[in-house]
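Report on the structure given below.
The sequence lines fix the lettering, A, B, ..., with proteins before strands; numbering per chain opens at 1. Atom set for the values below is all heavy atoms of this structure, side chains included, hydrogens, waters and symmetry mates excluded.
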Amino acid sequence: NAGVTQTPKFQVLKTGQSMTLQCAQDMNHNSMYWYRQDPGMGLRLIYYSASEGTTDKGEVPNGYNVSRLNKREFSLRLESAAPSQTSVYFCASSEGTSGILADTQYFGPGTRLTVL
Amino acid sequence: SQKIEQNSEALNIQEGKTATLTCNYTNYSPAYLQWYRQDPGRGPVFLLLIRENEKEKRKERLKVTFDTTLKQSLFHITASQPADSATYLCALEGSGGYQKVTFGIGTKLQVIP
């Protein structure tokens, strides 16, 4: 039981390059989330998927796209990376009964992304 | 706009004492409040959830209180240990399901042996 896994752990991109961050959970959770964490700021929700087949924007969705590939996997794509997207990205999952914080959220280890 | 304030400065406490961390919020009617622990270079780990109609929750050495009148949550760690040293985050969500979620920047706790 690995919980929430994320790949890659580290990535350096040049401005304008694209990449996809991968996330998978093995807890049979309905809901999955992508956050970013920047120094001096709290975690901010980028996108979430309340259930398989649905995705919704969070607080800071601009410059990102997501895909809920199946119940286990939720990917985050940067189409044209910008220096402002340098951050630590966390994926999380929860049972998703009636809200993001209504249940325990399980976070992955994070991806540290630098955009030059 | 909705805002959470946590002590941005580190909290140093002697081993064995009770650590108390504060989470104040404004412009919010939260349905859920959660506390997380985060160690350097790692993802947050869930500790406790408290709902708007609950005043207090306990789990082992941890206790959370939720005062919707004062718009404040207090997080207590009793008999603190050096292993409790970490950053503690609070997070809020409004009512109605899948509302805006706001995380605080966290308070760094250092337990001194």
Contact part of A:Tyr33 toward chain B, heavy-atom cut-off under 4.5 Å: side chain, backbone, both or neither? side chain
Of all the heavy-atom pairs spanning B:Pro44 and A:Leu43, show the shortest one and how long it is. CG-CD1, 3.7 Å
Is atom CD of A:Gln22 surrounded by more than 12 heavy atoms (other residues, nucleotides or ligands) closer than 6.0 Å? yes
Are A:Val66 and A:Met19 connected, step by step, through hydrophobic side chains (Ile, Leu, Val, Met, Phe, Trp, Tyr) whose heavy atoms are closer than 4.5 Å? yes
Find out if a path of hydrophobic residues (ILVMFWY) with successive side-chain heavy-atom gaps under 4.5 Å connects B:Leu109 to B:Trp35. yes
Using heavy-atom distances under 4.5 Å, tell me whether A:Gln6 contacts chain B through its side chain, its backbone, both, or neither. neither
Can you tell which of A:Ile100, A:Asp103, A:Leu101 makes a side chain to side chain contact (heavy atoms under 4.5 Å, CB included) with B:Tyr32? A:Leu101
Is the CD atom of B:Gln14 crowded by more than 12 outside heavy atoms at less than 6.0 Å? yes
B:Leu49 vs A:Thr104 side-chain heavy atoms within contact, under 4.5 Å: no
Tell me whether the count of non-hydrogen atoms from other residues, nucleotides or ligands lying under 6.0 Å of NZ in B:Lys100 goes above 12. yes
Structural part of A:Glu59 lying under 4.5 Å from a heavy atom of chain B: side chain
Indicate the atoms forming the closest heavy-atom contact of B:Phe46 with A:Gln105, along with that distance. CB-O, 3.8 Å
Under 4.5 Å from a heavy atom of chain B, the part of A:Tyr35 involved: side chain
Please report the shortest heavy-atom distance between B:Arg42 and A:Arg112, naming the atom on each side. N-NH2, 3.7 Å
When heavy-atom pairs shorter than 4.5 Å are enumerated against chain B, which of A:Gly110, A:Ala102, A:Gly108 gives the highest number? A:Ala102
May I ask whether A:Leu21 and A:Tyr48 are part of the same hydrophobic cluster, defined by side-chain heavy atoms of I, L, V, M, F, W, Y residues being less than 4.5 angstrom apart, directly or through others? no
With the 4.5 Å side-chain cut-off for hydrophobic clustering, are A:Tyr89 and B:Ile105 part of the same group? no
Report which part of A:Arg44 has an atom under 4.5 Å of a heavy atom belonging to chain B: side chain, backbone, both, or neither. neither
According to a hydrophobic-cluster definition based on side-chain heavy atoms being under 4.5 Å apart (Ile, Leu, Val, Met, Phe, Trp, Tyr only), do A:Trp34 and A:Val88 belong together? no
Under 4.5 Å from a heavy atom of chain A, the part of B:Leu33 involved: neither
